Amino acid sequence: MLMNIQKVLDEKVKEAVSAIYGIALPTVEFQPTRKDFEGDVTVVVFPMLRHVKGNPVQIGEQIGTYLKKEVSEVSGFNVVKGFLNISISDSFYLSFFNKVKDNDEFGLIAVQDDAVMVEYSSPNTNKPLHLGHVRNNLLGYSVAEILKASGKKVYKTQIINDRGIHICKSMLAWQRFGNGETPESTGLKGDKLVGNYYVAFDKAYKEEIAELVAKGVEKEVAEKEAPILLEAQKMLQKWEAGDEEVVSLWKRMNGWVYEGFETTYKNLGVDFDTYYYESDTYLLGKDVVADGLEKGVFYKKEDGSVWIDLTDEGLDEKIVLRSDGTAVYMTQDIGTAIQRVKDYPDVNGMVYTVGNEQDYHFKVLFLILKKLGFTWADKLYHLSYGMVDLPSGKMKSREGTVVDADDLMEDMTQTAAAISEELGKLEDYSDAEKKELYKMIGLGALKYFILKVDPKKRILFDPKESVDFQGNTGPFIQYTYARIQSILRKAKETNVERAALVEVSELHLKEKELIKQIQLFPETIQLAAENYSPALIANYTYDLVKEFNSFYQQVSILGEEDVKKKDFRVQLSQKVGNTIQSAFKLLGIDVPERM
RNA sequence: GGCCUCGUAGUUCAAUGGAUAGAAUAGAAGUUUCCUAAACUUUAGAUGCAAGUUCGAUUCUUGCCGAGGCUACCA
């Protein structure tokens, strides 16, 4: 027996149309029957009218009659306008349930050969991570987990932007104003300390511009000629030349930042299989560019800069190498992509988790790789997501308007603690247990808040209105999971019998709805993988949980006198709990035993 | 200017071209001698505007209005 009733019906509907009208139908359109109509699955008749002439209601009736007679799982039907609503027998759902109930891996596909590399996070090392990075990290991590669950082998990676003028700015400011401060001497997290000097640089820079303008220098000129900026540029040149002092400072300050990042990643619950550093890879692309120049993919301008002409594809000309021969962002990305395929030959596709402000960049990058003749260029995907904006607009590190990642996580944990303390359900928990739980809930709220939104859409985050803990939220789902665990503990204590195969004569409406929702889990994972969308998993889980709470309210589980029904309901609850856990794992959210 | 996203209840989010556009939150009204009330039940409230394609459009096309982004020898 097939697990999905649609697959059964698909064949049978075609068979019916063929038997009744002698016409071969290419496809059949299904949808779940809306709540306000009777039935479980609905066949939409309208699209058939292109092939079968006639009255949709009549056609629906005829197909329905055929199905009822020929398909044992079909227990009844009704036709409303052009919609054929089909009722499926309880025994179908029960037998499905028995088949999957003890499979904790239900919906997950074992890893196959097909490997994909998912890049995410990829921060600059001159400042701490903020809410924008949080979205990136959560998205990348979750998509990687979803791809794994859909049967792909996944390598998580990032490219760390550890060199460039922005780092030199922090370094220079530290040299000038730092008085030898270190994370140890200040007690500050390394990334925070370095970030402070990035801000300090900007402040000094702006002051210098103001001074110059006061002296009558044009603003645009002042912006280019402020002494501190010129010095930062000089520092970058020294770095590229391998100046010992500069390189050593660079290593030292980056080391501070990495330590800070590591803490943030750990708290956020994300991880990586392999790291790439821009300082290692920025030269790689140059050879490829030289090659491409020979092949005529690129061309050289008089000043020596190298370009690609993409006007035929409706894009512009794009620079791939500066006139002084140094690499630009694009050069490095070309090199990095090629290096990754060399390092992981089984990789058959890469996902770049990068904000939508870089849509154009990736369009160009993929096109260049294709023109260079790399067949895998077709398998590259830019997971483009919307920015996280504040009510005041875009977050800007330099202006200090960012929502810091560490602070945010701490805030969320505090809020979870406050709510939990007020409810006072966990008096017997130790402080350590409480602490762990509050973090789980706080992060659950944050992660769900971000991941439930379609990645493409921008998120407006108002720090004044804290993230909800009620309604369509992570904690609501965690709470339901905890409730289920409570039932399971009690069922165990009271020795509720646990049959290998549950057996009940008929299903309560809510029970059937729950099984239907469980049935959707595998296809939801596949859909989420195809669309690179954790939001689909989040929405699915919410629907499941909402249905369960309604069931929980309406139907007594442990209070049921019929032992077979009681057993079934306990096992159904367990399956729902297990599905919540699996789904949330794909979002990187943990679930509690109690809360 | 050119190119790319996005406009859905007061607010935050849903809706493979399908039925009466779903939730949450804020608002109103209820449910705790009953398995955890971070819950459940009821109620009111929305597709920016205008055409077009279609049996049928929130979804596809075009125009307008509005928001954001890209258009650097920055990353």
Side-chain angles (χ1 to χ4, degrees), chain A residues 29-31 33-37 42 44-47 49-50 56 80-83 85 122 124 161 163-166 278 301 303-307 314-316 319-330 332-333 355-361 363 384 386-387 389 393-394 416 419-420 422-423 425-426 441 445 449 452-454 456-462 465 467-480 482-491 494 527 531 535-536 538-539 542-543 545-546 548-560 569-570 573 594-595:
Chain A
E29 196 174 313
F30 290 98
Q31 57 182 267
T33 303
R34 289 179 70 109
K35 289 255 161 67
D36 24 345
F37 297 93
T42 294
V44 187
V45 181
F46 295 111
L49 298 178
R50 293 205 176 86
V80 181
K81 296 185 198 167
F83 298 91
N85 302 319
S122 303
N124 289 351
N161 302 298
R163 54 143 226 137
I165 189 75
H166 44 287
E278 191 185 314
K301 285 197 176 171
D303 61 7
S305 57
V306 181
W307 298 70
L315 304 174
D316 293 330
I319 189 157
V320 291
L321 207 61
R322 291 194 188 98
S323 52
D324 63 4
T326 58
V328 291
Y329 185 36
M330 191 63 78
Q332 158 213 321
D333 268 3
N356 63 11
E357 56 194 353
Q358 292 190 37
D359 285 356
Y360 185 73
H361 173 81
K363 221 171 173 178
S384 164
M387 299 284 101
D389 290 326
K394 208 174 169 178
I419 293 171
S420 189
E422 199 182 320
L423 293 172
K425 294 180 187 174
L426 300 164
I441 298 170
F449 172 79
K452 78 169 183 190
V453 182
D454 184 324
K456 288 196 302 286
K457 296 201 171 172
R458 74 175 197 140
I459 290 182
L460 196 71
F461 181 84
D462 189 344
E465 286 180 37
V467 173
D468 278 332
F469 283 69
Q470 272 158 12
N472 186 357
T473 67
F476 166 61
I477 292 166
Q478 289 172 320
Y479 170 72
T480 306
R483 263 182 161 180
I484 291 171
Q485 301 320 303
S486 172
I487 287 174
L488 297 180
R489 280 192 298 271
K490 283 185 180 149
T494 56
L527 204 61
N531 291 290
L536 297 178
N539 290 335
Y542 177 67
D543 288 341
V545 163
K546 192 143 177 56
F548 181 82
N549 276 310
S550 181
F551 161 74
Y552 179 92
Q553 186 75 20
Q554 236 182 77
V555 179
S556 183
I557 299 167
L558 296 174
E560 172 59 47
R569 286 177 188 165
V570 168
S573 302
R594 287 173 54 188
M595 73 183 267

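Treat the numbers as computed from the prediction; the structure is a model and nothing was measured. In the text below, chain A, chain B and the rest are named by the order of the sequence lines, each starting its count at 1.
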**OP:** Please step through ring-ring contact (aromatic ring centres under 6.0 Å, His included) for the pair A/F548 and A/F551, ending with a clear verdict.
**Re:** CA-CA 5 Å; A/F548 181 82; A/F551 161 74; 5.6 Å; yes
Subject >> Residue mapping more 5' on RNA chain B - nearest nucleotide basis, A/N124 or A/S486 >> reply: A/S486
Original post:
When only distance counts, do a donor and an acceptor, one from the side chain of A/K456 and one from the base of B/U5, lie under 3.5 Å apart?
Top reply: no
Subject >> Side chain of A/I165 - closest among B/A21, B/A38, B/C74 >> reply: B/C74
Original post:
How many Å lie between NZ on A/K457 and P on B/G68, as a whole number?
Top reply: 18 Å
**OP:** Return the value, rounded to whole Å, for the distance between atom CD of A/Q31 and atom C1' of B/A19.
**Re:** 8 Å
**OP:** Provide, to the nearest angstrom, the distance between the CG atom belonging to A/N531 and the P atom belonging to B/A14.
**Re:** 13 Å
**OP:** Look at all strands and tell whether A/N85 reaches a base, only sugar-phosphate, or nothing, counting heavy atoms closer than 4.0 Å.
**Re:** base
Original post:
Is any side-chain N or O of A/T42 under 3.5 Å from a base N or O of B/A19, one able to act as donor and the other as acceptor?
Top reply: yes
Original post:
What nucleotide among B/A75, B/C40, B/A38 has an atom nearest to a side-chain atom of A/S420?
Top reply: B/A38
**OP:** Ignoring the backbone of A/R34, work out which of B/G22, B/A38, B/A14 is nearest its side chain.
**Re:** B/G22
Original post:
Under 4.0 angstrom, heavy atoms only, what part of the nucleic acid is A/D462 near: base, sugar-phosphate, or nothing?
Top reply: nothing
Original post:
OP1, OP2 of B/U71 versus side-chain N and O of A/K363: anything below 4.0 Å?
Top reply: no
Original post:
What is the nucleic acid contact for A/P47, judged by heavy atoms within less than 4.0 Å: base, sugar-phosphate only, or nothing?
Top reply: base
Subject >> Any A/R322 side-chain N or O less than 4.0 Å from OP1/OP2 of B/A75 >> reply: yes
Subject >> Nearest-Å distance for atom pair CG/C1', residues A/L527 and B/U16 >> reply: 8 Å
**OP:** On RNA chain B, check which nucleotide each of A/K394 and A/N539 is closest to and give me the residue with the more 5' one.
**Re:** A/N539
**OP:** Could you check whether A/A535 gets within reach of a base, just the sugar-phosphate, or nothing at all, counting any heavy atom under 4.0 Å?
**Re:** nothing
**OP:** Return no unless some side-chain N or O of A/K546 is found under 4.0 Å from OP1 or OP2 of B/G22.
**Re:** no
Subject >> A/Y552 OH - B/U32 C1' separation (whole Å) >> reply: 12 Å
Original post:
Which way is the base of B/U32 turned, syn or anti, if we draw the line at 90° from 0?
Top reply: syn
**OP:** Please report, rounded to the nearest Å, how far the C1' atom of B/U12 is from the CG atom of A/D389.
**Re:** 15 Å
Original post:
Looking for any heavy atom pair under 4.0 Å, which part of the strands does A/F551 touch: base, sugar-phosphate only, or nothing?
Top reply: nothing
Subject >> B/A72 base / A/D316 side chain donor-acceptor hit below 3.5 Å >> reply: no
**OP:** Look at A/D454 together with A/K456 and state whether they make a salt bridge at an N to O cut-off of under 4.0 Å.
**Re:** yes
**OP:** Compare the aromatic ring of A/F83 with the six-membered base ring of B/A19 and state whether they stack according to the 5.5 Å and 30° rule.
**Re:** yes
**OP:** Quick one: label A/F476 by what it contacts on the DNA or RNA (base, sugar-phosphate, nothing), any heavy atom closer than 4.0 Å.
**Re:** sugar-phosphate
Original post:
How long is the line joining OH of A/Y542 and C1' of B/U25, in whole Å?
Top reply: 10 Å
